[in-house]
Amino acid sequence: MPKKIDGSKITILSSEQYEAVKKCLGELYSKTKANAVLFADIAGQLIGERGDTSHINTTVLAALAAADFSATAEMAKLVGEEARFKLLFHEGEKNNVYLTNVGDEYFLIIIFQSNVALGMVRVYTKKAVEALDKIIKEGGSSKTVTDIIDDDFGELLANELDSSFKE
Amino acid sequence: MYINWALQQINLKIVYYGPGVSGKTTNLLYIHSKVAPELKGELVSLQTQEDRTIFFDFLQLEVGKIKGKKPKFNLYTVPGQVYYAYSRKVILNGVDGVVFVADSQFDRLEANLETLNDLENNLKQDGHKMDEFPWVIQYNKRDLPNVAPIPYLQLKLNKYNVPYFEAVANKGIGVFETLKAVINLVVANVRKKL
Ligand SMILES: Nc1nc2c(ncn2[C@@H]2O[C@H](COP(=O)(O)OP(=O)(O)OP(=O)(O)O)[C@@H](O)[C@H]2O)c(=O)[nH]1
Ligand SMILES: [Mg+2]
């Protein structure tokens with residue numbers, strides 16, 4: 001799915017893919033009894049979320065987790081580890097956060113209470129990772145970037161920036 | 001760039017890069033202080049007690065809908081201090097556009113050059129080319145007495161002839177101008193390369 005156009009790497013998630021992602025996150029959420037599950041890309045952009053996220057700033061969480069994940073990958077390289085670390089686990093008093101990669105470009109964040117069995121989280125997460133990887137790789141969008149960034153988009157955006165971002 | 005077709009969302013990642021204390025975080029602080037509450041998220045700063053960025057700052061901005069489309073801009077700064085090289089590399093993951101915040105003072109020229117070189121190497125490793133990648137230069141701290149003249153800075157730092165802006169970031173001068181330019185450049189670049 002990622003397509004390279006010189007500067008930007010452009011990822012387009014089709015409506016079908018988005019629905020499939022949401023369904024998969026919903027299943028993971030209910031089966032693991034997690035508080036919340038988030039799916040994001042390595043640039044830190046949140047793709048989907050499920051669960052009770054009303055008191056969590058999920059945008060910021062995705063940005064922090066992506067940086068955390070990328071930093072760990074660099075750490076792996078520094079200590080001579082060939083493969084990147086596949087998961088990260090933050091253990092807290094009340095909550096645990098579990099991070100795992102989905103292919104090279106995406107990752108999952110699972111937030112659950114510390115009394116939830118980690119083994120169960122692991123099992124269902126592994127299944128979700130496989131499913132998400134498939135959705136991302138196979139369900140390629142028929143839409144191209146020009147369908148959304150069309151002829152007058154640049155000009156309209158420039159005007160909108162002018163009116164929104166001023167001293 | 002990440003596009004969610006179902007939600008008609010367009011996400012861009014812009015990174016403020018540059019040497020230590022050049023004013024990267026100051027740019028984000030100013031933007032955050034001026035943008036209407038409904039268009040901005042929380043400003044997250046991972047910094048030391050001396051206000052030096054240790055990993056990154058993050059701020060998400062939005063503008064109104066454009067023909068039903070919802071653009072979102074994820075702004076990041078990197079830590080400028082030399083020994084945070086790995087953090088800079090990490091934050092560049094998936095970047096769409098860069099603002100290079102240069103410190104205009106004469107005695108910061110070496111630091112500017114070093115960091116620019118570091119940016120070029122990091123982008124190269126991700127398969128980008130400096131002469132095609134959307135980036136702009138902001139010559140900051142123009143209010144200080146010991147600044148180098150613009151033509152001199154241009155000669156030393158802008159060999160790719162990218163758009164440049166003069167700024168006094170703590171007063172907000174040139175801050176929005178720079179941001180708008182890099183966003184417009186990212187969008188123009190997408191269409192140009194088709
Ligand atoms: N005089 C003057 N001071 C400025 C200007 N822009 C920023 N500063 C000051 O410079 C200092 C450093 O600014 P920061 O924005 O924290 O620098 P930074 O680039 O984020 O530094 P690192 O996080 O270490 O990489 C602060 O005290 C700012 O108030 C400017 O245009 N003129
Ligand atoms: Mg800073």
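In what follows, chains carry the letters A, B, and so on, assigned in the order in which the sequence lines appear, proteins first and then strands, with residues in each chain numbered from 1.
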A.B. asks: What part of B/Leu59 lies closer than 4.5 angstrom to a heavy atom of chain A: side chain, backbone, both or neither?
C.D. replies: neither
A.B. asks: Under 6.0 Å from the OH atom of B/Tyr86, do we count more than 12 heavy atoms belonging to anything else shown?
C.D. replies: no
A.B. asks: Could you look at B/Lys180 and say if it's the side chain, the backbone, both or neither that has a heavy atom under 4.5 Å from chain A?
C.D. replies: both
A.B. asks: Working to the nearest 0.5 Å, report the span between CG of A/Leu157 and CG of B/Asn184.
C.D. replies: 6.0 Å
A.B. asks: With a 4.5 angstrom heavy-atom cut-off, which part of B/Leu92 approaches chain A: side chain, backbone, both or neither?
C.D. replies: neither
A.B. asks: Out of A/Leu156, A/Val60, A/Asp150, return the one with the most heavy atom pairs under 4.5 angstrom to chain B.
C.D. replies: A/Asp150
A.B. asks: Top residue by heavy-atom pair count (under 4.5 Å) with chain A, among B/Val90, B/Asn74, B/Val175, B/Leu123?
C.D. replies: B/Val90
A.B. asks: State, without any angle test, whether B/Glu42 and A/Asn57 hold a side-chain donor-acceptor pair at a distance under 3.5 Å.
C.D. replies: yes
A.B. asks: How long is the straight-line distance from CG of A/Leu161 back to CD1 of B/Ile66, given to the nearest 0.5 Å?
C.D. replies: 7.0 Å
A.B. asks: Mind checking whether B/Phe73 and A/Phe165 have parallel, tilted or perpendicular rings, split at 30° and 60°?
C.D. replies: perpendicular
A.B. asks: Can you name the closest pair of heavy atoms from A/Leu13 and B/Tyr2 and give their distance?
C.D. replies: CD2-OH, 3.5 Å
A.B. asks: Between B/Lys34, B/Gln9, B/Lys72, B/Gln60, who has the most heavy-atom pairs with chain A when the cutoff is under 4.5 Å?
C.D. replies: B/Gln60
A.B. asks: Same hydrophobic cluster for B/Leu144 and B/Ile137, using side-chain heavy-atom links shorter than 4.5 Å among ILVMFWY?
C.D. replies: no
A.B. asks: Are B/Tyr152 and B/Tyr160 joined in one hydrophobic group, where the rule is that I, L, V, M, F, W and Y side chains link up if heavy atoms are under 4.5 Å apart?
C.D. replies: yes
A.B. asks: Chain A heavy atoms under 4.5 Å from B/Glu62: which part of the residue, side chain, backbone, both or neither?
C.D. replies: backbone
A.B. asks: Any non-hydrogen side-chain atom of B/Asn93 less than 4.5 Å from a side-chain atom of A/Phe69?
C.D. replies: no
A.B. asks: Are B/Val82 and B/Val78 in one and the same hydrophobic cluster, where Ile, Leu, Val, Met, Phe, Trp and Tyr link if side-chain heavy atoms are under 4.5 Å apart?
C.D. replies: no
A.B. asks: Taking atom CD of A/Glu155 as the centre, report whether more than 12 heavy atoms of other residues, nucleotides or ligands fall under 6.0 Å from it.
C.D. replies: no
A.B. asks: Does NZ in A/Lys94 sit with more than 12 non-hydrogen atoms of other residues, nucleotides or ligands closer than 6.0 Å?
C.D. replies: no
A.B. asks: Report the distance from atom OG1 of A/Thr11 to atom CG of B/Asn4, rounding to the nearest 0.5 Å.
C.D. replies: 11.5 Å
A.B. asks: If I compare all heavy atoms of B/Trp5 with all of A/Ser15, which pair ends up nearest, and what's the gap?
C.D. replies: CD1-OG, 3.4 Å
A.B. asks: Using non-hydrogen atoms only, which part of A/Tyr18 is less than 4.5 Å away from chain B: side chain, backbone, both, or neither?
C.D. replies: side chain
A.B. asks: Chain B heavy atoms under 4.5 Å from A/Leu64: which part of the residue, side chain, backbone, both or neither?
C.D. replies: both
A.B. asks: Using every non-hydrogen atom in the two residues, find where B/Pro71 and A/Phe153 come nearest and quote the distance to one decimal.
C.D. replies: CG-CZ, 4.3 Å
A.B. asks: Does B/Tyr17 share a hydrophobic cluster with B/Met130, counting links as ILVMFWY side-chain heavy atoms below 4.5 Å and allowing steps through other members?
C.D. replies: yes
A.B. asks: Is the count of non-hydrogen atoms from other residues, nucleotides or ligands lying under 6.0 Å from B/Gln125 atom CD greater than 12?
C.D. replies: yes
A.B. asks: Counting heavy atoms not belonging to A/Lys33, are there more than 12 under 6.0 Å from its NZ?
C.D. replies: no
A.B. asks: Check A/Ile148 against B/Lys69 and note the closest heavy-atom contact, atom names and distance.
C.D. replies: O-NZ, 3.0 Å
A.B. asks: Restricting to non-hydrogen atoms, name the atom on A/Gly44 and the atom on B/Tyr76 that form the minimum distance, rounded to 0.1 Å.
C.D. replies: CA-OH, 4.0 Å
A.B. asks: For A/Gln45 and B/Lys13, which heavy atoms make the closest approach, and how far apart are they?
C.D. replies: OE1-N, 4.1 Å
A.B. asks: Please state whether the side chain, the backbone, both or neither of A/Asp152 comes within less than 4.5 Å of a heavy atom of chain B.
C.D. replies: side chain
A.B. asks: Counting heavy-atom pairs under 4.5 Å to chain B, which of A/Ser164, A/Ser163, A/Ala67 comes out on top?
C.D. replies: A/Ala67
A.B. asks: In this structure, would A/Tyr106 and B/Leu7 fall into the same cluster of hydrophobic residues linked by side-chain contacts under 4.5 Å?
C.D. replies: yes
A.B. asks: Drop me the distance from A/Asp41's CG to B/Asn11's CG, to the nearest 0.5 angstrom.
C.D. replies: 8.0 Å
A.B. asks: Name the region of B/Val63, side chain, backbone, both or neither, that has any atom closer than 4.5 Å to a heavy atom of chain A.
C.D. replies: both
A.B. asks: Against chain A, label B/Ile31 side chain, backbone, both or neither, depending on which of its atoms sit under 4.5 Å from a heavy atom there.
C.D. replies: neither
